[in-house]
Every structure is written in C-alpha cells, then in structure tokens.
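Here is the structure we will look at.
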Amino acid sequence: MGSTSAHTDEGLGRRDLIKRSAAIGLISVPTMGFLSACASSGGEGNGKVEKGTKSEKNPLAVNESAPLDFVLFDGGFGQQYAKDAVKIYETNYPKAKVKFTPTQKITTTLQPRFNGGNPPDLIDNSGAEQMDMGVLVGQKQLADLTPLLDAPSIDDPSKKVRDTLRPGIIEMGQFDGEPCWILNYAYTVYGVWYSQKLLDSLDAKYPETWDEMIAVCEKAKKKGIAAWTYAGKHPYYVPFSLYPMIAKVGGREVLDAIDNLEPKAWEHPAVKACFEAYYELVKKGYILKGTPGLDHIQSQTAWTEGKALFIPNGSWVENEAAKTMPADFGLAVSGPTGLDASDKMPSGTIWAAGGEPFIVPAKAANPAGGMEQLRIMLSEASSKNFTQSVKSLTALNGGTDGIELSPGLKSGVAALEKAGQNVVNPRLQDWYVALQKEKIGVAGIGELMAGRATPAETIKKIQKYADEAAQDSSIKHYKHQ
C-alpha cells in the first residue's frame, strides 16, 4: 500500500500513503549509498557501555549512568508521547543523560551514523525516509529484541512483555525464524467502516452473512444511498476487508499460502467465492457511481456525507475524515461479512496489525537502554497517554480502561474484543510491496471493482503476477514459519 498521489497533508493521523505505508513497514526509500554502507560497514562502533546490575527494578541490566540516544520520526503521531516516556526513563535513571532527536528525515539523519558504526540506541524507523527493514535485518544491523520480550512487564512483573502484546505484533517483527527485530508500537484496525446512525436509519444491523449484506445493500439503494464506496484510484484499500473475508471463508491458511507465493494459492475456492461476492456488489449497482475515479479523500468525503454506507479502510480514517464527519456520525468498524455458516472462521474475524516500527541497532552503545525505553512505552500509563493524545491504539493489549475513547477507537476496541484470537495479518503488504500495490491492487482488484474484469479473469491475472514474483531471484522471499 502506498501512493505518491495520496495524502499530501501532513498532520495528526493524516500522513501521505507513502508515510503511512512506511510506518507499518510496507515501503522504504533508502539511498543506495546507505544500503552499500550497511552492507560493508565493519566498524565496532563507539563501544558498548558496561552492563548495569540486574534486579527486579532493572531486569534488562541497564547501566544507570550510561547515556541514551533516541531518534524519533516526527510525523503524524507527533513527539509528545515519546517525550513523556523519556521523562519516565530519566526519573528511573537520574544519572543517565538522554539525547532525544525528533526528525522527519530518518535516512538523511542516520546514514552517516550507521556508516560510522555509531547508530543511536533506539530509533522510530518511520516516515518517507524509512530505512529498508529487509536490508537492515539481512545485513545484521539490528539487535534481536527477545530480551525485551522476555523481560517482565512494568505493570505486572509476573507477565513477560511478550504476553502483554496484541495479536500479530511479534510476528510482524520477525522475518525468518524466531528472532524479533522490530517492535511496532501503534496498532491499526482494518475492516468495513460505516455510520451507525445511517445503518440504524435503514432499520438494519451489520450483516454477518452475504445474503444479509445484499439485503442491506438493497435497502440502501431503495433510499438513494450507495451501499459501498472505496478509494478507486488506490484500490489496494479494498483488501482491508477482502483479505480477512478470504480468511474467514477459507481459513487463515489460505492467506498464508498467498503470502508464501504458493502455486495456485489464488485459485482456492475461498478466493473465488469472495471475489464473486464483491463482483456482485458491482453488478447489482451497489457501488457509489464514479467511485473508480475517486481518491481516498474524495471517497471518504462522499461516505461521511452519507452518500455511501460502507467503506474499506483503516482506523486512521477517524482523524483523516474528521473535517467532514458529522458529530453524530456514529463511526463504527466491523470485521468482514462472511458467506454463510460454512465459513472456517467465526463472525468478527478481522485484520489488525502493528505500525510505527521501533528498532534497536546491533551496534548501539546502549542497547539495554533502548530496550528499557521501549519497555516503559509498553506500560499501561504510556499506552494510555499515546491513545488519548493521538486517537490510536498501541501494541499493548489493553491500556484503554478508564479513558474516554473516541467513537472510532471505541468501536475498534470492541471489534478486537469480539475477534479475540481471530485476528489475521496478511504479509503481502510488507513482504512484496510492488506486487501487492500495483499488480494485485491496481491491475487486478481495481479492474474487478470497476467492472472491467470478471472474477475468473482477475484470479488468473493475479496468480500470474504471484508466480512471476515467486520465480524472480532478485526478490527476497519470505514464508510463514
């Protein structure tokens, strides 16, 4: 996901798609010089600081007087949440001097430091200049965060940090095998977003089966309302609801096979059934007229104006569409509608995943300090502070008790609670960016939703794209473990 034509505004929750995609590890734009430097840099850095004394209060054995160097991407989430977490670190380790550097130019700022072998201790590797995660992992530039994951959580020392995280967070930080190289701090809920007020006006409930979906669509059409719209110019938004539907119908192993670029993965009956369901929306006129020509902002505006009932999107939409969303809109999100009782996964199955990736460089002088700062950020107090400040959930599974949630956040939390362990996280969007965005998204699903290709034609085309990617030796290939 990502487009140079999308999201030109910079502000809270309003990153351009390149920046948002980078924030969840989807794309990167490092210079070749940086890649070469990472591959060749052999310096030992500025020297590791000595370990501190391990204790109940200091499980990572942080050197209490060692400096901490923290570089943060200064984007849609701002700086304050990180500054507040730094203050806690400084309180806990008063002898430590913390250097806090916010920037929007991650690669420009950090390239000389990686080249010199003296990177910071903690980095929010996000934004348009995000460093390539695959290269960093492949060239052994990152520290394994397992010590952090196995450390006791701040709020409940009887639990490890790993046991306090939302589904998929650890997996998103893994590439090959068990080591976890990245900790995604924010948490996005993808699905079908709608106005509860508008749905109520139709005397309807959110549909759980496809027959119920068609009935709701017909009700809307009779009242002059389109049932669906989407970002027509960026149709890779459609998978936010389509992919979890495929998992719901056929099981999460269908999505795993697709991610693994397995032969005939797209020919699975669940894929065919879901493509045919979405094609039915097109053929019966349930898509807002002109949608294929709309960008993400235009489609969201039409939706907030009540011209369409449903839109596939992510939880950033609450801030992104805030200017046009009526106060009584009743923003809500649900997992995808399934086919029927034969679906392999239950109602409520949803796609949710981490974003805002934090890393600790392997050659950092104070890696224990970097991990401790992350442990502080994963406390309930820091998590609540983040959620209240920027209207986004964090990787901490919980941390919302006692705070007033915005309508979208409240609905997102309810959707996650309903899903339980039935949360899926397709990896195409961060393993194979070009394949997912331009080929599957635009050339495949985009043509299907515009009514210019049938489900059978679309599946054949997408499978061909996937096979080409699988056979391309210049692409690093990943598989679910």
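What you are looking at is a predicted structure, and each value in this text was computed from that prediction instead of being measured.
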Legend entry - Residue pair Thr324 / Gln300, side-chain donor-acceptor N/O under 3.5 Å: no

Inset, instruction - Please confirm whether Tyr230 and Tyr237 have ring centers closer than 6.0 angstrom. - result: no

Inset, instruction - Would you tell me whether Ser389 and Gln80 have side-chain atoms, one donor and one acceptor, within less than 3.5 Å of each other? - result: no

Inset, instruction - Please check if the side chain of Asn366 supplies one atom and the backbone of Leu68 the other of a donor-acceptor pair under 3.5 Å. - result: no

Legend entry - Non-hydrogen atoms of Ala353 and Met172 that approach each other most closely: CB-SD, 3.6 Å

Inset, instruction - Tell me, please, whether Tyr81 has Lys83 positioned over its six-membered ring: NZ or CZ under 6.0 Å from the ring centre and within 45 degrees of its axis? - result: no

Inset, instruction - Say whether Tyr243 and Gln436, considering side chains only, have a donor N or O and an acceptor N or O under 3.5 Å apart. - result: yes

Legend entry - Polar contact flag, side-chain donor to acceptor under 3.5 angstrom, Asp295-His234: no

Legend entry - Polar side chain donor-acceptor pair, Gln471 to Asp467, under 3.5 angstrom: no

Legend entry - Pair Phe77 + Trp316: ring centers closer than 6.0 Å: no

Legend entry - N/O donor-acceptor pair under 3.5 Å between Arg252 side chain and Val423 backbone: yes

Legend entry - More than 12 heavy atoms from other groups under 6.0 Å of NZ on Lys410: no

Legend entry - Trp303/His296 aromatic ring centres below 6.0 Å: no

Inset, instruction - Kindly compute the distance separating CD1 (Ile376) from OG (Ser383), expressed to the nearest 0.5 Å. - result: 14.0 Å

Inset, instruction - Assess whether salt bridge (Lys or Arg N to Asp or Glu O under 4.0 Å) is satisfied between Arg113 and Asp69, documenting all intermediate values. - result: CA-CA 12 Å; Arg113 300 193 58 182; Asp69 193 344; 2.7 Å; yes

Inset, instruction - Go through the side-chain N and O atoms of Thr291 and Thr229 and say whether any donor and acceptor fall under 3.5 Å apart. - result: yes

Legend entry - Aromatic ring proximity Trp351/Phe240, centre distance under 6.0 Å: yes

Legend entry - Check: Asn385/Thr387 side-chain N/O donor and acceptor closer than 3.5 Å: no

Inset, instruction - Please determine, by modelled atom types, if Asp74 and Gln79 share a side-chain donor-acceptor pair under 3.5 angstrom. - result: yes

Inset, instruction - Please assess Glu372 against Arg375 for the test salt bridge (Lys or Arg N to Asp or Glu O under 4.0 Å), listing each intermediate value before the final yes or no. - result: CA-CA 5 Å; Glu372 177 66 10; Arg375 195 172 77 100; 2.9 Å; yes

Inset, instruction - For Lys105, look at atom NZ and say whether over 12 heavy atoms of other residues, nucleotides or ligands are found less than 6.0 Å away. - result: no

Inset, instruction - Compute the ring centroids of Tyr185 and Phe386, then answer whether they are less than 6.0 Å apart. - result: yes

